[in-house]
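Numbering of ligands and ligand atoms starts at 1, following listing order.
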Amino acid sequence: ATGSAPAVPIDERFDIAYVTPVTIGTPPQTLMLDFDTGSSDLWVFSSHMPPFQVRGQEIYTPDESSTARLLEGHTWSIMYGDGSASRGNVYVDTFAVGGLTVLNQAVQTAQQVSASFTSATNIDGLVGLGFSTLNTVRPESQLTFFDNAKASLDNPVFTADLKYMAAGTYDFGFIDRAKYTGEITYVPIDPDPGYWIFTSSGYAVGASSNFSATPIIGIADTGTSLVYLPTAVLTAYYRQVQGATNSRSYGGYVFPCDSALPSFTFGVGEERFTIPASYIRYAPVTEGSATCFGGLQSSSELGINIWGDVALKAAFVVFDSRSPPRIGWAKK
Ligand SMILES: CCCC[C@H](NC(=O)[C@H](Cc1ccccc1)NC(=O)N1CCOCC1)C(=O)N[C@@H](CC1CCCCC1)C(O)(O)C(F)(F)C(=O)NC
């Protein structure tokens, strides 16, 4: 089996996150979920939430699904890197995305979500695509939809073709030759503790002229908007940007929106990928401001480097969960 589904930006001005249509239950209930390689819980806004916490999101109502079954005594609770959080109980139901159907998928129904989820009106929940070891359901942790689908997929892979201010695609079970050019460069993944962790071979500010071959260990994370890298890399980049400062009040590097920005190149093995300046001129700090927030930010507070959407948009990425797992990057 194979599947293919769109990854649609939730905001038409900035690529803050991407959502993908899925159906859950019988008859099918359609929700728009954020497919996130940085976590491994499949959770949804649900009829079990206080109504004031729902602000326009679609909800899953298990009582209206003839195939829903409560997973007695199971609960979940998750906190994300940006401080957002959610928790609730667990059902098993039919889950379908892009032509792929998984029977008896654990669907985590929210009972409480943090304010940042309530205000993210275009995200109805998440589909974790990390390794199932990260799943937060207790007393028995649950498998991701990808792990449940894997045996029936033509190949144990999924690919991310995210796009700048446009809808991209997640493909499951196959690698679409039409979505990339040249060859795919694969590097090993460390699946412990459960993120798609790989080592970049280095970086260059601007095109790959002055490439600095320093290994950068980080996660490939579709659920993170920006790129978070070590301070040394950030200062090397923003040193080239007129008026750039690391603003405490705005919580990161900002610069005049009309400043000239270099591109940013990162290495995967011998291959080089360039993030265009337009992706790094991320967004005005507030509507209409002449100060812009950078798409490259510091990872020093995070304890982990994150190759988020700003980097993933610059490539075609293969998440290959064969043994041993690996990640592939190709130009497009
Ligand atoms: C400081 C480092 C960034 C952390 C990262 N969050 C983000 O990148 C959020 C995503 C978001 C989009 C829309 C609405 C609300 C939040 N965006 C964000 O912080 N910003 C601020 C900077 O400008 C860009 C938007 C994160 O927690 N990613 C989660 C998944 C998100 C959680 C919040 C909802 C959207 C998905 C993750 O799973 O990828 C994780 F790996 F980071 C994680 O925490 N795993 C446990």
Original post:
Between Thr136 and Asp41, does a side chain to side chain donor-acceptor pair (under 3.5 Å) hold up when you go through it step by step?
Top reply: CA-CA 7 Å; Thr136 73; Asp41 283 34; 2.5 Å; yes

Subject >> Lys163 and Asp15 ion-paired at < 4.0 Å >> reply: no

Subject >> Atom of Ala244, atom of Phe255 and distance for their closest heavy-atom approach >> reply: CA-CB, 3.9 Å

**OP:** Evaluate side chain to side chain contact (heavy atoms under 4.5 Å, CB included) for Thr199 paired with Ile216, printing each intermediate quantity in order.
**Re:** CA-CA 5 Å; Thr199 301; Ile216 302 172; over 6 Å; no

Original post:
Between Glu183 and Lys331, is there a salt bridge with N-O shorter than 4.0 Å?
Top reply: no

Extract all N/O-N/O pairs under 3.5 Å that connect ligand 1 to the protein, and present each with both atom names and the distance rounded to 0.1 Å.
| residue | atom | partner | partner atom | Å |
| --- | --- | --- | --- | --- |
| ligand 1 | 6 (N) | Asp82 | OD2 | 3.0 |
| ligand 1 | 8 (O) | Ser225 | N | 3.0 |
| ligand 1 | 8 (O) | Ser225 | OG | 3.4 |
| ligand 1 | 17 (N) | Ser225 | OG | 3.0 |
| ligand 1 | 27 (O) | Gly81 | N | 3.1 |
| ligand 1 | 27 (O) | Asp82 | N | 3.2 |
| ligand 1 | 28 (N) | Gly223 | O | 3.3 |
| ligand 1 | 28 (N) | Thr224 | OG1 | 3.3 |
| ligand 1 | 38 (O) | Asp36 | OD1 | 3.4 |
| ligand 1 | 38 (O) | Asp36 | OD2 | 2.5 |
| ligand 1 | 38 (O) | Gly38 | O | 3.4 |
| ligand 1 | 39 (O) | Asp36 | OD1 | 3.0 |
| ligand 1 | 39 (O) | Asp221 | OD1 | 2.8 |
| ligand 1 | 39 (O) | Asp221 | OD2 | 2.6 |
| ligand 1 | 44 (O) | Gly81 | N | 2.7 |
| ligand 1 | 45 (N) | Gly38 | O | 2.9 |

Subject >> Asp161/Lys179 ion pair, N-O < 4.0 Å >> reply: no

